[in-house]
Amino acid sequence: MSLNTNHIEEKWKKYWMENQTYKVQNDPSKPKFYVLDMFPYPSGAGLHVGHPLGYIASDIYARFKRMLGFNVLHPMGFDSFGLPAEQYAIQTGIHPAISTNENIGRYKDQLYNLGLNFDWSRQVSTSDPSYYKWTQWIFMELFSHYYDTRSDKALPISNLIEQFEQNGNEAVHAVTTFDQVFTAQEWQNFSPKVKDEVLMNYRLAYRKLGYVNWCEELGTVLANDEVKDGVSERGGYPVVKKPMRQWSLRITAYAERLLKDLDQLEWSESLISMQKNWIGRSEGAQVFFEIESFSEPLEIFTTRPDTIFGVTFMVLSPEHEFVDRITTVGHMQEILRYKEYAAGRSDLERTSEKKVTGAFTGAFAINPFNGQRIPVWISEYVLKDYGTGAIMAVPSDDERDKLFAETFNLPVIPVIDKSKYPGATSKDKTGTMINSGFITGMEVKEGIEAVLSELENKKIGSRKVNYKLRDANFSRQRYWGEPFPVMYDQDDVAHLLDMSALPLELPPMSDFKPVANGKSPLARNEDWVKAIAGYTRETDTMPGFAGSSWYFLRYMDPLNEQEFASAEAIKYWKDVDLYIGGTEHAVGHLMYARFWHKFLFDKGLVPGNEPFLKLVNQGMIQGVIEFIYLMKEKKEGRNHFVSTDLIESTDLDKIAKIPVHIDYISNYGSHDSHLNAQGIRQFIAWRNEYKEAFFETKSGVFTIDQVPENFKLHTHSEVGKMSKRYFNVVNPDDVINKYGADCFRMYEMFLGPIEQSKPWDIKGIDGVKKFLRRFWSLFVDDENNWLLTEEAATVEELKILHQTIKKIHEDIYNLSFNTAVSAFMVFVNEMKRLDCHKAAVLLPAIKLIAPFAPFISEELWTRTGSKVSVHHELIPMYNEGLLVVDSVIYPVCINGKKRGEIELGAELNSKEIEGHALSLDIVSKWTEGKSIKKVIVVPNKMINIVV
RNA sequence: GCCAAAGUGGCGGAAUUGGUAGACGCGCUGGACUCAAAAUCCAGUGAUAGCAAUAUCGUGAGGGUUCGAUUCCCUCCUUUGGUACCA
């Protein structure tokens, strides 16, 4: 009987589910291994063929580890809070919980069809109250802690309050945004509201005035990725920054540890450098400049304190709090005008236009080293949020400062002689100091040190490290997210709910439209907001990264009602040994998850300070998008489509690209992709608004009723995202129905290295299908007879088997699944060649292929009479002794070019090999008339003769 | 602009530390089986020249190191991802 994959798959899917074949116990008697996939957002579109790439890889790895004797945790869940469900609810009135559950159901079916060995009893969904109870709990813990810089970890805020009560805040070592000093006495006299405000400057979860993307036309706040080029992605309406009181997380307290601990991680270089860039550490100095007739000094940050003698002006960001206070009467008008101008500028305008703008405040700062008067300007090129929002400008050594000086005719004092370092830029920090007072003549590096020491001596500055990393905005004006376990009293002081009130569940609602003032839809539910007398609830909800920052811990003990996970479970599973997911989460999710993990580590709740030891980014499987060209100008008042082979590249601005459903395309994805007569009729049936259109091809211009049978409207193929809106989504279920899940799994792996992105292309899958049939035919013939014999295996057969075993072990270890599939193909080709049906060789092969092809291997394994699932067997190990070769075919090269071969015993030494090689005819032919200079022999590798 | 990764036949890709470039698969060509087709099996398949043995060229381009370079170094080009006035 030939292989019937549908039948086998149905049978084993059912069996595995009923017998809980993949259920995992927390069993400390076995070594643990934790393989994790980034959990998906269950979108309405379902899985496409790109998603499973990572899931299949991790599935193979997890199965392999289990067959090596490990207790493998390999769970799956859903990142099920999110915007699309809320938008769907606004459109349809269907509650997000309902549509989300439906989507989860479909995702699970699709994942199940792939034969993935998830332990579904551990499923986690972030929108499930029994889960988000603990997300809320972690938030409360963050709220209740501050970062102590002396012990370099988070400590309870009660410690801090105690210190305030006893000694005020002067001697406190904490990460804070609070820059005033108070005594114990003053603290005790503060009102609860003031105390709350002070503490907000220390808490790891705190409330501050933040800015949101406000879109007046849509009447709502937008996420960053809903804003494209300064306008809303939907509708293209203007978006402005609107201040709102919002929750934030003090991730900056962990900046140094987040950076330093990257060294311990087995992550890709590119990922680590992305995280490093994001954290953006730079060493430099904070320097205080006096301002004439102003009581407070101006604090700036610079990485180049050596250039302080070259400062010819200062620049503040337009939003800097000093601006209004230092501006002189004469310049007030101008400054106000500039501030207004800057506030109305979108991020896009600020970054795309390189023109230099600014205004003079009329105030002067004093250079602390030479007493020079330095004019203070404001300009939008100085960012409020980086450093102190103020810089000392050194136009001689900084490109932007130079442009600014040129524009406004400000002086330039050269301070660094770079003549000794041709081609060096100011970023290289090289050169010799000139015109620089006491550091003149020093090298830049010495100069930096000298100025730093002097700043500290004079007590007008100090060494300082700055980070690009900002505290994360943790509030979203949305319904479908975790509610904050927070309420406010009449003074707007934040109070946490009692632990017994958790989970604070989302109240049922039917109207999910945003509230006019930009508040979350929850604000509309007054009963819920004012449920507790004298208090109002927070109506914002948490962002997507809240639930995803700790989900991997919940899998360890998913049903626990007393704790986020039990100490024993966490102690056993510890951390994630292998994490597979897309690069799109390179900074967001991974940074916040590391931050939360470190916080939990500080609290002693997790054993390690990093959650994901090894991480692999799988590439994206892209789709081909097929477009037809529509002329922008109508023809006789009708739409006019033109075959792409008639369009010159210079005419591209005259056409609009209309995506076409790929099912209608002939020769999809190739240079010859086109719509034929049937395709164009399908297109019109689908997009009826074009039924009057003209279609112009090489053979003429037609209306839909006139298209001839040889009609060929060429389409334009582009590689891009696989997405519903390009109508190019390929559903794995369809591929599985046609070819089988094992085939789909092995084909996706066979496409290439797991980290690489590539467009989906079905051509080639036949090779894998053929391979699986050939594999099957080693065991079962066309009449369904079992073919295995008890005959003893030959040395050659055993050698092939053990070579394959070795290769598979190595390839899985290296996540090189494409070459593993090749190795299986080679094995089958060899067995076919030898006409081998010996149990001694083929039974191990069933187990070896089980992680890749779980269905077929299970079926074959049962037919051998085994009562145990093949997935609970141990993987065969290779016998090094069988791999020893006794002869080697040496390539014989002349001057590095291969000219011949010689087979020699593996035990021969270099001298003997050389002797044999030199006696070859081919060698004498090539060395004739020349002298042999040198013979290089690499034992077991090659022979090279230099003439 | 900066950071990171990559560039190999008609196509996907292989080559673990510098050691036979193109494994494996697709496609293509020819053959066997068949009334025919599908399926299957066998053989061939980097380019150029040649009946052939064989020779020359060949891993984005150019240079270098080496007995020997897809692999290491330098310069440049292209693609993809990230980031963007970060003081």
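The sequence lines fix the lettering, A, B, ..., with proteins before strands; numbering per chain opens at 1. Only heavy atoms go into these numbers, but all of them, side chains included; no hydrogens, no water, no symmetry mates.
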Engineer: Closest approach to the side chain of A:S270, judged atom by atom: which nucleotide of B:rA87, B:rA4, B:rG82 is it?
Structural biologist: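 From the listed options, B:rA4 comes nearest.
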Engineer: Taking a pair as Watson-Crick or G-U wobble with both distances under 3.5 Å, which nucleotide is matched to B:rG7?
Structural biologist: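 Because both required distances fall under 3.5 Å, B:rG7 counts as paired with B:rC77.
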Engineer: When you measure from the side-chain N and O atoms of A:R281 to the phosphate of B:rC86, is any distance below 4.0 Å, counting only OP1 and OP2?
Structural biologist: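 It does not, given that no N or O in the side chain of A:R281 lies less than 4.0 Å from OP1 or OP2 of B:rC86.
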Engineer: Expressed as a whole number of angstroms, how long is the span from A:F824:CZ to B:rA23:C1'?
Structural biologist: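 So the two atoms are 16 Å apart, to the nearest Å.
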Engineer: When all nucleic acid strands are considered with a 4.0 Å heavy-atom cut-off, which category describes A:S282: base, sugar-phosphate, or nothing?
Structural biologist: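 A:S282: backbone/sugar contact only, no base atoms under 4.0 Å.
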Engineer: Could you check A:M942 against A:F301 and say which one's nearest nucleotide on RNA chain B is further toward the 5' end?
Structural biologist: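 Closer to the 5' end of RNA chain B: A:M942.
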Engineer: Would you call B:rG12 syn or anti, using the 90° rule around 0?
Structural biologist: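 In terms of base orientation relative to the sugar, B:rG12 is anti.
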Engineer: Would a distance-only check, ignoring hydrogens and angles, find a side-chain to backbone donor-acceptor pair under 3.5 Å from A:T361 to A:V376?
Structural biologist: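 The answer is yes, because a donor-acceptor pair under 3.5 Å joins these two groups.
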Engineer: Considering heavy-atom distances to RNA chain B, does A:L271 or A:C893 have its closest nucleotide positioned more toward the 5' end?
Structural biologist: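 Nearest-nucleotide comparison on RNA chain B picks A:L271.
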Engineer: What interatomic distance, in whole Å, is found between C1' of B:rG1 and the corresponding atom of B:rA55?
Structural biologist: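 Looking at atom C1' only, B:rA55 and B:rG1 are 49 Å apart.
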Engineer: What distance do A:N617 atom CG and A:S268 atom OG have between them, rounded to the nearest 0.5 Å?
Structural biologist: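 One gets 5.5 Å once the value is rounded to the nearest 0.5 Å.
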Engineer: Under 4.0 Å between a Lys/Arg side-chain N and an Asp/Glu carboxylate O for A:K384 and A:E319?
Structural biologist: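 Result for this pair is no, no salt bridge flagged.
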Engineer: Can you tell me, in whole Å, how much space there is between the C1' of B:rA69 and that of B:rA21?
Structural biologist: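 It works out to 11 Å between them.
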Engineer: When we call it a touch if two heavy atoms are under 4.0 Å apart, what does A:T583 touch: a base, just sugar-phosphate, or nothing?
Structural biologist: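 The residue A:T583 makes no contact with any strand.
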Engineer: Just how far is it from atom CG of A:L615 to atom CD1 of A:I272, taken to the nearest 0.5 Å?
Structural biologist: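 Answer for the CG-CD1 pair, A:L615 versus A:I272, is 9.5 Å.
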Engineer: Using the C1' atom as the reference point in each nucleotide, state the distance between B:rU79 and B:rA15 in Å, no decimals.
Structural biologist: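 Nearest-Å result for B:rU79 against B:rA15 at atom C1': 23 Å.
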Engineer: Treat primed atoms plus P, OP1 and OP2 as sugar-phosphate and everything else as base, then score nucleotides 24-32 of chain B 5' to 3': B for base contact with protein heavy atoms under 4.0 Å, S for sugar-phosphate contact only, - for none.
Structural biologist: BSS------
Engineer: If I take atom CG in residue A:D398 and atom C1' in nucleotide B:rC86, what distance separates them, rounded to the nearest angstrom?
Structural biologist: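 The answer, rounded to whole Å, is 11 Å.
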Engineer: Using a cut-off of 4.0 Å on non-hydrogen atoms, how would the nucleic acid contact of A:L751 be classed: base, sugar-phosphate, or nothing?
Structural biologist: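 Sugar-phosphate contact only - A:L751 comes under 4.0 Å of backbone atoms but never of a base.
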Engineer: How far does the P atom of B:rG62 sit from the matching atom of B:rG27, given to the nearest Å?
Structural biologist: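 Per the computed distance, 34 Å lies between those P atoms.
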Engineer: When rounded to the nearest Å, what value does the distance between P atoms of B:rU16 and B:rA49 take?
Structural biologist: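 That atom pair is separated by 33 Å.
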Engineer: Does one side chain, of A:H809 or A:D811, offer a donor that lies under 3.5 Å from an acceptor on the other?
Structural biologist: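 Absent: no donor and acceptor within the cut-off.
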Engineer: If you measure from the C1' atom in B:rA14 to the same atom in B:rC24, how many Å do you get, rounded?
Structural biologist: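 To the nearest whole Å, 8 Å.
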Engineer: Can you tell me the distance, in whole Å, between the NZ atom of A:K807 and the P atom of B:rA15?
Structural biologist: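 Spelled out: NZ on A:K807 to P on B:rA15 is 6 Å.
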Engineer: Tell me the interatomic distance from A:N944, atom CG, to B:rG19, atom P, rounded to whole angstroms.
Structural biologist: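 For the pair A:N944 CG and B:rG19 P, the rounded distance is 13 Å.
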Engineer: Looking only at atom P, what distance separates B:rC26 and B:rG46, rounded to whole Å?
Structural biologist: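 Going atom to atom, P in each nucleotide, I get 16 Å.
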Engineer: Is the distance from OP1 or OP2 of B:rA6 to the nearest side-chain N or O of A:Q756 less than 4.0 Å?
Structural biologist: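 For A:Q756, the contact criterion (side-chain N or O under 4.0 Å from OP1 or OP2 of B:rA6) is not met.
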Engineer: Counting only Watson-Crick or G-U wobble pairs whose two distances fall under 3.5 Å, which nucleotide matches B:rU48?
Structural biologist: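 Base-paired to B:rA55.
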Engineer: Hey, are the side chains of A:I251 and A:L469 touching, using non-hydrogen atoms and a 4.5 Å cut-off?
Structural biologist: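 They are in contact (side-chain heavy atoms under 4.5 Å apart), so the answer is yes.
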Engineer: Rounded to the nearest Å, what distance is computed from the CG atom of residue A:D811 to the P atom of nucleotide B:rA15?
Structural biologist: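 Value for this atom pair: 8 Å.
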Engineer: Measure from the side-chain heavy atoms of A:Y381 and tell me the nearest of B:rG12, B:rC41, B:rC85.
Structural biologist: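 Minimum distance to the A:Y381 side chain belongs to B:rC85.
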Engineer: In terms of side-chain heavy atoms of A:N818, which of B:rG13, B:rA15, B:rA4 is nearest?
Structural biologist: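 The listed nucleotide nearest to A:N818's side chain is B:rG13.
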Engineer: Output the single nucleotide from B:rA4, B:rA14, B:rC86 whose closest atom is nearest the side chain of A:P753.
Structural biologist: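 The answer is B:rA14, which lies nearest to the side chain.
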Engineer: With both distances kept under 3.5 Å, what pairs with B:rU83, Watson-Crick or G-U wobble?
Structural biologist: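 Paired with B:rU83, as far as the under-3.5 Å criterion goes, is B:rG1.
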Engineer: Given 3.5 Å as the limit, does a donor-acceptor pair link the side chain of A:Q275 with the main chain of A:A586, or not?
Structural biologist: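 Flag set: sc A:Q275 to bb A:A586 pair under 3.5 Å.
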Engineer: With a 3.5 Å limit on both atom pairs, tell me what B:rA43 is paired to, counting Watson-Crick and G-U wobble, or say none.
Structural biologist: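 Its partner is B:rU29 (Watson-Crick or G-U wobble, both distances under 3.5 Å).
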Engineer: In whole Å, what is the span from the NE2 atom of A:H585 to the C1' atom of B:rG81?
Structural biologist: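 Whole-Å distance recorded here is 15 Å.
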Engineer: Do the non-hydrogen side-chain atoms of A:Y341 and A:P318 ever get within less than 4.5 Å of each other?
Structural biologist: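 No, side chains not in contact.
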Engineer: Does the structure show a Watson-Crick or G-U wobble partner for B:rU20, both distances under 3.5 Å? Name it, or say none.
Structural biologist: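 Answer to the pairing question: none, since B:rU20 forms no Watson-Crick or G-U pair.
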Engineer: Please give the nucleotide sitting opposite B:rU34 as a Watson-Crick or G-U wobble pair, both distances under 3.5 Å, or none.
Structural biologist: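 Pairing partner, where one exists within any strand: none, as none qualifies.
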Engineer: Atom CD1 of A:I272 and atom C1' of B:rC3: how far apart are they, to the nearest Å?
Structural biologist: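 So the two atoms are 14 Å apart, to the nearest Å.
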Engineer: Within the 4.0 Å heavy-atom criterion, would you say A:R833 contacts the bases, only the backbone, or no part of the nucleic acid?
Structural biologist: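 Answer is nothing: A:R833 stays at 4.0 Å or more from every strand.
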Engineer: Counting only side-chain heavy atoms from C-beta out, which of B:rA4, B:rU40, B:rC86 sits nearest to A:R773?
Structural biologist: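 For A:R773, the side-chain atoms sit closest to B:rU40.
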Engineer: What is the distance from CD1 of A:I812 to C1' of B:rU16, rounded to the nearest Å?
Structural biologist: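 To the nearest whole Å, that distance equals 16 Å.
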Engineer: Counting distance only, does the side-chain N/O of A:D742 pair as donor-acceptor with the main-chain N or O of A:I856 below 3.5 Å?
Structural biologist: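 Side chain of A:D742 to backbone of A:I856: a pair is present.
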Engineer: Between B:rU48 and B:rG10, how far apart are the two P atoms, rounded to whole Å?
Structural biologist: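 10 Å, rounded to whole Å.
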Engineer: Establish, yes or no, whether a centroid distance under 6.0 Å links the rings of A:Y592 and A:F545.
Structural biologist: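 Yes - the distance between ring centres of A:Y592 and A:F545 falls below the 6.0 Å cut-off.
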